[in-house]
Amino acid sequence: MNNRFFVALMLSMLLLLTWSALTQPKKKQGEDQKAEKTAEEDEQKPVVETRPTTPESQPSSGPAASMQVAEAAPYGSELVLANDKLRVLFDQKGAVVATVWLLDHWEHVEDKGKPGHENKLRFIRSYEGGPRAFDLIDGNAPEASEDWLNARLWETSGPAADGRSISFHTELLQDGNRYRLTRTFAFHETSAQRLVVKVGLELLASEAGSIDKSFWMNTSGGVFPEERADRTTGFGKALSHVQVGVRDDGSFELVSFPAKDLIGEPGKGIVPNAEVACDMGVYFGAYLAQTAGDSRRKVRARAIDPWGPKGVEEPTREQLEAIGPVRTYTQVEFPLAAKLGEKAECSFDWYVGAKDHRAIKANYAEGERLRSDYLDLADAELTAQSSCCSFGAMNWLVQAISKAVVWLISFFTGIFHSTGVAIIVLTLFVKLLMFPITRKSQVAMHEHSKKMARIKPKIDALKEKYKGDQQKVAAEQMKMMKQEGIGMLPLAGCLPLFLQMPIFFGLFAAIRFDYELRHAAFLWCHDLSMPDTVIAFTPIKLPCAGCLPGGGGAISGLNVFPLLMIAAMFFHQLGMPKSPDPQMQQQQKMMMFMPIFFGVLMYGYAAGLSVYWLSSSLFGIFEQRVIKKLFPIEKDAAPSAK
């Protein structure tokens with residue numbers, strides 16, 4: 001019995017194994033290897049932590065952790081708004097502006113005429129790890145995690161059907177409040193270079209019934225200084241800067257922050273009650289002003305130093321080319337408070353373009369509040385370009401002359417279709433305007449020289465009589481001149497030069513302000529806002545080169561216009577009549593050094609200024625050789641006393 005049971009059990013087990021083998025599905029060739037490989041890959045994959053979205057299960061360490069809600073899916077194509085003036089590229093990560101092209105201006109002079117927006121001026125651009133235009137900073141979060149909103153993808157359906165606006169939104173959860181943040185960018189109805197920017201907060205669910213948030217928003221993230229930036233400061237490397245407009249008791253005032261004052265001191269640039277935040281390049285700027293919403297706001301100015309803690313430690317050449325020199329930018333603070341089921345919103349006006357008066361008037365209609373504010377800003381910017389003489393009455397005079405110079409250059413350029421010719425015609429216009437004063441000065445100097453020539457033998461006798469006693473000679477000479485009715489050296493002799501100085505400074509400011517000079521070609525010069533370098537070479541460091549505008553302590557090329565200017569000024573001085581007056585002789589000797597002084601000053605500067613001074617000297621030589629022969633000064637001079 002036991003044997004039969006044992007045999008039956010063994011046969012049953014054998015039958016079961018046979019049946020299992022026959023009915024098992026066959027694996028395809030190589031499937032075992034694939035299964036093993038998949039298992040290995042699964043072991044190497046990082047573990048993805050899925051956070052629940054209920055308040056009870058939210059971690060409490062930091063704002064980013066307490067607000068994790070599922071991110072949006074990546075958008076399938078570029079997010080771009082464009083018209084005939086601007087091309088704006090958006091980044092879904094943070095719902096910010098990544099790049100702004102100014103389509104009326106070329107990136108480099110060699111790009112002129114090339115098709116495509118890639119060759120146009122990228123005035124606003126981002127770099128990896130740097131601040132971006134409209135980065136949204138959480139004002140309630142610790143500084144270490146305040147920019148967490150810019151690291152997530154925001155939901156968007158892309159540009160609107162008409163291509164004039166784009167919207168983003170994201171939903172968040174914090175401290176029992178579920179809310180939605182929205183951002184909308186739209187071209188202004190009347191201006192192609194203005195965007196209406198709106199930031200909204202909508203409370204969807206709440207335990208407290210209300211929410212009160214504070215945000216900081218970047219104006220531009222640091223405008224990129226144009227390539228001629230380092231040629232338009234008096235000394236050293238040019239830096240972008242910021243201007244903050246403040247309205248106090250109805251008056252609009254401006255606070256300026258150069259980059260050097262902001263590096264390493266982030267708390268220094270805070271301005272309360274601010275109306276306008278402006279990030280400035282050389283010829284262009286990005287302006288942000290709040291137009292609707294809570295009025296509790298302030299602005300803080302920041303600087304990006306490529307070598308500092310806010311920049312890139314030991315940046316590579318590629319990074320430096322992307323970041324550029326030290327860049328400045330502003331952040332605008334604004335609050336948003338909403339009750340359950342309500343939406344709070346702040347609106348901003350954002351202008352990107354030229355910062356001169358003509359551009360402001362073209363983009364802001366008569367009667368708009370921002371029009372007058374930005375025109376005041378343009379006045380301040382124009383005066384700041386001639387900081388060496390922006391004090392007292394000279395401030396007003398240089399500003400008025402600078403405006404006139406900008407207008408005249410634009411007017412003459414429209415007639416002659418050449419900015420270089422316009423500068424030459426401007427020089428001739430100034431010469432004709434000053435001719436009566438110059439003529440009167442020449443007559444006065446001629447009369448003084450004739451009188452001094454008449455008493456020269458007596459002066460020589462005095463020098464021989466009191467030889468070795470210069471003070472006695474000077475005292476006796478003064479006494480003799482008084483007896484003969486001869487006054488001191490007339491100031492009219494220097495008057496034309498003094499009168500030209502405000503015009504010179506006005507043109508100096510205009511070249512640093514008038515965007516129409518950028519990439520304006522004349523003769524061999526491709527850009528009148530830059531030096532007319534015909535031969536570039538390895539920079540040569542000279543002791544005096546540090547004072548050259550844009551020289552950076554070295555001369556890096558052969559610039560022709562400054563050398564021609566030195567030669568023309570020198571020959572102009574040689575043509576001056578020699579005076580027998582010792583004082584006049586001393587003055588003439590000093591004037592012989594003026595060509596060298598101006599040549600050194602303007603060697604590395606914009607060629608347009610050298611063209612002006614070269615033209616002025618050539619017209620002066622023409623006046624010496626032709627005008628004085630046709631209209632001799634003796635005819636206008638009074639008969640000398642016998």
Side-chain angles (χ1 to χ4, degrees), residues 81-88 97 100-105 121 123-124 133-134 160 162-166 184-199 217 219-220 223 243-248 250-254 273-281 283-293 295 297 299 330 332 334 345-383 399-400 402-404 406-411 413-414 510 513-516:
L81 295 182
N83 55 29
D84 60 337
K85 298 291 184 181
L86 298 178
R87 187 179 193 273
V88 186
V97 171
V100 175
W101 288 268
L102 299 180
L103 299 181
D104 283 343
H105 307 278
L121 176 61
F123 182 61
I124 293 176
F134 298 104
D162 60 0
R164 294 185 56 84
S165 65
I166 187 171
T184 303
F185 302 84
F187 282 122
H188 195 273
E189 293 180 356
T190 61
S191 171
Q193 292 187 253
R194 294 166 61 185
L195 271 75
V196 177
V197 182
K198 296 181 179 181
V199 182
M217 187 168 68
T219 298
S220 73
V223 297
Q243 293 270 28
V244 180
V246 182
R247 191 175 298 280
D248 188 16
S251 62
F252 185 76
E253 298 180 357
L254 290 163
N273 303 320
E275 292 276 331
V276 178
C278 305
D279 298 353
M280 298 297 191
Y283 299 110
F284 309 97
Y287 301 57
L288 186 68
Q290 186 174 333
T291 55
S295 61
R297 57 185 176 272
V299 170
T330 50
V332 178
F334 62 97
E345 191 173 65
C346 274
S347 296
F348 299 86
D349 179 275
W350 193 48
Y351 165 71
V352 182
K355 59 185 184 181
D356 80 344
H357 304 78
R358 295 163 297 177
I360 298 301
K361 291 177 181 178
N363 285 279
Y364 289 88
E366 192 73 42
E368 282 192 78
R369 175 180 62 84
L370 290 177
R371 176 188 173 102
S372 60
D373 290 348
Y374 289 163
L375 287 177
D376 289 344
L377 175 61
D379 288 343
E381 278 286 291
L382 188 55
T383 304
Q399 186 182 111
S402 299
K403 285 184 180 180
V406 170
W407 185 86
L408 286 170
I409 290 177
S410 179
F411 176 74
T413 300
F513 184 81
D514 185 3
Y515 67 93
E516 289 187 349

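The residues of the chain are indexed from 1 along the displayed sequence.
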Enquirer: Quick one: CG on Asp373 to CD1 on Ile360, what's the gap to the nearest 0.5 Å?
Expert: 10.5 Å
Enquirer: Within a strict 4.5 Å, meaning less than it, do heavy atoms of the Asp514 and Arg358 side chains meet?
Expert: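 A side-chain contact exists here, since the closest heavy-atom pair is under 4.5 Å.
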Enquirer: Are side-chain heavy atoms of Leu195 and Leu86 found at a separation under 4.5 Å?
Expert: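 When only atoms from C-beta onward are counted, Leu86 and Leu195 do touch, with a gap below 4.5 Å.
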Enquirer: So, Tyr364 and Asp349: side-chain donor and acceptor under 3.5 Å apart, yes or no?
Expert: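 Asp349 and Tyr364 do have a side-chain donor-acceptor pair below 3.5 Å.
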Enquirer: To the closest 0.5 Å, what do you measure between CG (Leu375) and NZ (Lys361)?
Expert: 6.0 Å
Enquirer: Given side chains that start at C-beta, do those of His357 and Asp379 come closer than 4.5 Å, heavy atoms only?
Expert: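 Of all side-chain heavy-atom pairs linking Asp379 with His357, at least one is under 4.5 Å.
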Enquirer: Taking ring pair (Phe, Tyr, Trp, His ring centres under 6.0 Å) as the criterion, tell me which of Tyr287, Phe134, Phe187 meets it with Trp350.
Expert: Phe134
Enquirer: Do you know which two heavy atoms are closest between Ala359 and Ala354, and how far apart they sit?
Expert: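 Nearest heavy atoms, Ala359 then Ala354: CB-O, 3.5 Å.
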Enquirer: For Gln243, what residues pass the side-chain hydrogen bond (donor to acceptor under 3.5 Å, both in side chains) criterion, not counting sequence neighbours?
Expert: Glu381
Enquirer: So if I apply the side chain to side chain contact (heavy atoms under 4.5 Å, CB included) rule between Val299 and each of Leu288, Val276, Val244, which one comes out positive?
Expert: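 Testing each of Leu288, Val276, Val244 against Val299, the sole residue satisfying side chain to side chain contact (heavy atoms under 4.5 Å, CB included) is Val244.
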Enquirer: For Gln290 and Cys346, which heavy atoms make the closest approach, and how far apart are they?
Expert: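 That would be NE2-SG, 3.7 Å.
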Enquirer: Within the 4.5 Å heavy-atom criterion, are Phe348 and Met217 side-chain neighbours or not?
Expert: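 The answer is yes; the side chains approach within 4.5 Å.
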Enquirer: If you round to the nearest 0.5 Å, how far is CG of Leu382 from CG of Leu377?
Expert: 11.0 Å
Enquirer: Answer yes or no: is there a donor N or O on one side and an acceptor on the other, between the side chain of Gln193 and the main chain of Tyr351, under 3.5 Å?
Expert: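 Not a single qualifying donor-acceptor pair exists.
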Enquirer: Distance-only, no hydrogens or angles: does the Thr219 side chain make a donor-acceptor pair with backbone N or O of Cys278 under 3.5 Å?
Expert: no
Enquirer: Between Asp279 and Thr330, is there a donor-acceptor pair closer than 3.5 Å when you use the side chain of the first and the backbone of the second?
Expert: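 Yes; judged by distance alone, with no hydrogens or angles, the pair exists.
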Enquirer: Where do Asp84 and Asp104 come nearest, in terms of heavy atoms and distance?
Expert: O-OD1, 3.9 Å
Enquirer: Check whether any side-chain heavy atom of Phe123 sits under 4.5 Å from a side-chain heavy atom of Val100, and report yes or no.
Expert: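 A side-chain contact is absent here, since even the closest heavy-atom pair is not under 4.5 Å.
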Enquirer: Where is the tightest heavy-atom contact between Ala378 and Lys355, given as atom of each residue plus distance?
Expert: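 For Ala378 and Lys355, the tightest heavy-atom pair comes out as CB-O, 3.6 Å.
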Enquirer: Donor-acceptor check, side chain of Thr413 to backbone of Ile409, threshold 3.5 angstrom: yes or no?
Expert: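 Side chain of Thr413 to backbone of Ile409: a pair is present.
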Enquirer: Kindly give the heavy-atom pair with the smallest separation between Ala289 and Leu370, and that separation in Å.
Expert: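 Minimum heavy-atom separation between Ala289 and Leu370: CB-CD2, 3.6 Å.
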Enquirer: Can you classify the ring geometry of Tyr515 versus Phe284 as parallel (below 30°), tilted (30 to 60°) or perpendicular (above 60°)?
Expert: tilted
Enquirer: Please check this pair: side chain of Arg194 against backbone of Asn363, looking for a donor-acceptor N/O pair closer than 3.5 Å.
Expert: yes
Enquirer: Nearest 0.5 angstrom please: Asn83 CG to His188 NE2, how far?
Expert: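 Answer rounded to 0.5 Å: 13.0 Å.
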